[in-house]
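If you're wondering where the values come from, they're calculated on a predicted model, not measured in any experiment. Naming convention: chains lettered A, B, ... in sequence-line order (proteins, then strands); numbering from 1 in each chain.
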Number of protein chains: 2
Amino acid sequence: MENVLTGTNKKPLRVLFMSNIGVKELAEIAGVSTASVSRALSNPNRVSKRMRKKVLLAAEQVGYQPNRLAASLRTSRSGNIVAIIPDISDTFNSGVIQSLERAAAERGYSVLFGDTQGIRERELVYGNMVNSKQADGIIVFSHRLPFEDELLASDDFVLPPMVNSCEYAHSAFRDTSLLPLVTIDNVKAGREATEHLLELGHKDIAVITGDIESPSARQRLEGYKEALSQAGIPFRSELIQAGDYTLEAGVTSTKKILLAKKRPSAIFCMCDESALGCIATLREHGFDVPRDISVLGFDDIRFAKYLSPSLTTIAQPVEEIGRRCAEILLDMIDGKEIEEPQTILPHKLMVRDSTSAIW
Amino acid sequence: MENVLTGTNKKPLRVLFMSNIGVKELAEIAGVSTASVSRALSNPNRVSKRMRKKVLLAAEQVGYQPNRLAASLRTSRSGNIVAIIPDISDTFNSGVIQSLERAAAERGYSVLFGDTQGIRERELVYGNMVNSKQADGIIVFSHRLPFEDELLASDDFVLPPMVNSCEYAHSAFRDTSLLPLVTIDNVKAGREATEHLLELGHKDIAVITGDIESPSARQRLEGYKEALSQAGIPFRSELIQAGDYTLEAGVTSTKKILLAKKRPSAIFCMCDESALGCIATLREHGFDVPRDISVLGFDDIRFAKYLSPSLTTIAQPVEEIGRRCAEILLDMIDGKEIEEPQTILPHKLMVRDSTSAIW
DNA sequence: CCACCAATGGTAAACGATTACCATTATGTC
DNA sequence: GACATAATGGTAATCGTTTACCATTGGTGG
């Protein structure tokens, strides 16, 4: 084959793209060994400047594209992480996902997204991607570990690099107390949300929770109780509606709330989508928000402030959550010691128009 | 090593999970060859029932996990597709993504998501994943092909399996007229949206467009013009505001519209997020929708009907778009002939509360 | 000028599957 | 029972990288 560099052939070199050229062919073209090609490309300071230039030039000329699969196989690093998410289209999640993806990309990793719809089987499929070497780590958005109980129970099974986003995963078979996670202080946030409503004079405050299996929802409810008790108001369980962090739950829960004998004057929704469904349902039943009933959301999703009425809500630092998750996970993958596994980020009460004083 | 099946060792077999067991070790354990192991697992009817059972049992016992990277390298099938998306968190996109991911998963493919923010360089990065064998095909959500012009201009470069979602990709260097795509009839949709407003008596209809570089936005505008001309109403370019399919564009464009001498009585937004920004801005400036100004959206995103006022909009079949994209792409990857590259799905005008008659 | 060491680059063995090719065994036909 | 044919399963090559190990080269100090 004609040597690119010696250039004994004076015709302008034909630029070949995407030809099936591997390190072997490239090495031949550049007149060096495959080892040098590989080193020049992925370990540049292991070779001399001359060699580097020679290889890079040849690679450029022929449009060489290294086969990442082969590299991954050899190095046992796939360069992927997998995000296991109950619902990709959920607005809060998709915000986190976005920054997650960006932060991963900055460090050369791609993100595989698994939308599970909360289905255990699908969680397992995605969890298994790291066992089958398709991914190097996992970001879990739910409160369940994506592995078979049988596996979790086995001493031989060591958890792969994994970070919890906004949730506390737990398992009967495994101690998860040291699992890294990035979240806000849900108890405090629940308390502050409730305090805001109490300060406005509300005493009968209904709650539409998130998935009640999930620690985040429980913690927010905990905060709610704390605030009530602090204010000397008895907790009434009939005011609590179990939701699941969806818009639809906001709708159906609100309908139930409206059926109660004594209507609450405020509703605390544990996510903005539920609040949206809640407000729409209230309006449909002839109630004005906030005049008749105040509604408070959670998350501060992208368009919470554009809704009508604009939504009073607890803002979560979406962008930072995603970024931190990625950073911690990639550090784990790189074998770095994680000094602070539990990252608690600040939240913020955003007071807008969906809540108002009761008098 | 002890043979699982002969079971001469009567102690209960220790179940080993995730040990570093490959086909080689598994073959030894099962007492067969690596070829048989591979066949039993991924080509079951190439082996006898006895053999299959023997291998599957052993695999189960030791928790064997095939290394998908190695398999991919050998078969040159990564089992991934990559979706190149300007904005993952956009509500319309995330809906498509969700069904896309599900349909792909059903056929054993995973989806890598690339959020590009419209940045050319990032598009190229993701487009390149198929060259580097990390993905077998591409779903493109934008109107640009994710490859260097240099590549596109080269005859040697054949486009990988690729499907356009809701857009018409084009390139100065490549004929894209046969590129498979899944979309609605944007011209017709634009026309119908405008006709709806005309029927309500509106004559001054402003438009907040999508990215004006994109064929979808141009086509919708085309439909708008057709409807106007049909109704004998002259087209006035000052009513057109160039947006980019975002909420923020809805806000800023609406502000500009409100500055005009002659205020329109209706605004046609080319996506629901823009409509949301539009309505919020109108409200902020003291205008009631639809009493003062009607607003019509596009997409029928998940919560369009829960907004206040609920949004009149053109519904796109989100779920089907995603599913079809995945199906067509996977068929292409499987080497099937695509008989109908251009899939035009039906849209539907959803009349709700954000538009009303002018008198 | 020699011994020594660092820098450089080559050879060949991995990584862990799949599969072409072949040898063996089972099945069926006459 | 002999033979053709189908079914089965083994051996070893292969996919395209990276890298351990080694050989060579060049530079430095004595």
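- A salt bridge does not link A:D149 to A:R144: none of the charged nitrogens lies less than 4.0 Å from a carboxylate oxygen.
- Looking at heavy-atom distances under 4.0 Å, A:V47 makes contact with sugar-phosphate atoms alone, never a base.
- Position along DNA chain C of the nearest nucleotide to A:S36 versus B:A70 favours A:S36 as the more 5'-ward residue.
- Nucleic acid contact for B:A35: base, since at least one base atom lies under 4.0 Å from a heavy atom of the residue.
- To the nearest angstrom, C1' of C:dA14 lies 9 Å from CG of A:L73.
- Atom pair B:K24:NZ and C:dG16:P shows a separation of 10 Å (rounding to whole Å applied).
- For A:L26 and D:dT17, the CG to P distance is 9 Å, given to the nearest whole Å.
- For the pair B:S42 and C:dA17, the criterion of a side-chain N or O lying under 4.0 Å from OP1 or OP2 is not met.
- Ring geometry for B:F113 against A:F113 counts as tilted: the plane angle lies between 30° and 60°, on a 0 to 90° scale.
- Distance check: B:Q98 CD to B:E319 CD gives 9.0 Å after rounding to the nearest 0.5 Å.
- Base contact: B:S38 has a heavy atom under 4.0 Å from a base atom.
- Atom pair B:N67:CG and D:dT17:P shows a separation of 17 Å (rounding to whole Å applied).
- Between B:N45 atom CG and D:dG9 atom P there is a gap of 13 Å when expressed in whole angstrom units.
- The phosphate of C:dG9 has OP1 or OP2 within less than 4.0 Å of a side-chain N or O from A:S48.
- Rounded to an integer number of Å, the gap from CG of B:N43 to P of C:dT18 is 9 Å.
- Comparing D:dT19, C:dT8, C:dA17 by their closest approach to the side chain of A:R46 singles out C:dT8.
- Counting any heavy atom pair closer than 4.0 Å across all strands shown, B:V32 reaches sugar-phosphate atoms only and no base atom.
- The nearest whole Å value for the distance from the CZ atom in A:R74 to the P atom in D:dC15 is 17 Å.
- B:S154 contributes atom OG, which lies 7.0 Å from atom CZ of B:R174 (distance to the nearest 0.5 angstrom).
- B:S76 comes within 4.0 angstrom of nothing in the nucleic acid, heavy atoms only.
- Within the 4.0 angstrom heavy-atom criterion, no nucleotide atom of any strand lies near A:R68.
- Between A:M162 and A:P146, the closest side-chain pair of non-hydrogen atoms falls below 4.5 Å.
- Under 4.0 angstrom from either OP1 or OP2 of D:dT17 there lies at least one side-chain N or O belonging to A:Y64.
- Between the side chain of A:R39 and the base of C:dG10, a donor-acceptor pair under 3.5 Å is found.
- If you take CD1 of B:I21 and P of C:dA17, they are 10 Å apart, rounded to a whole angstrom.
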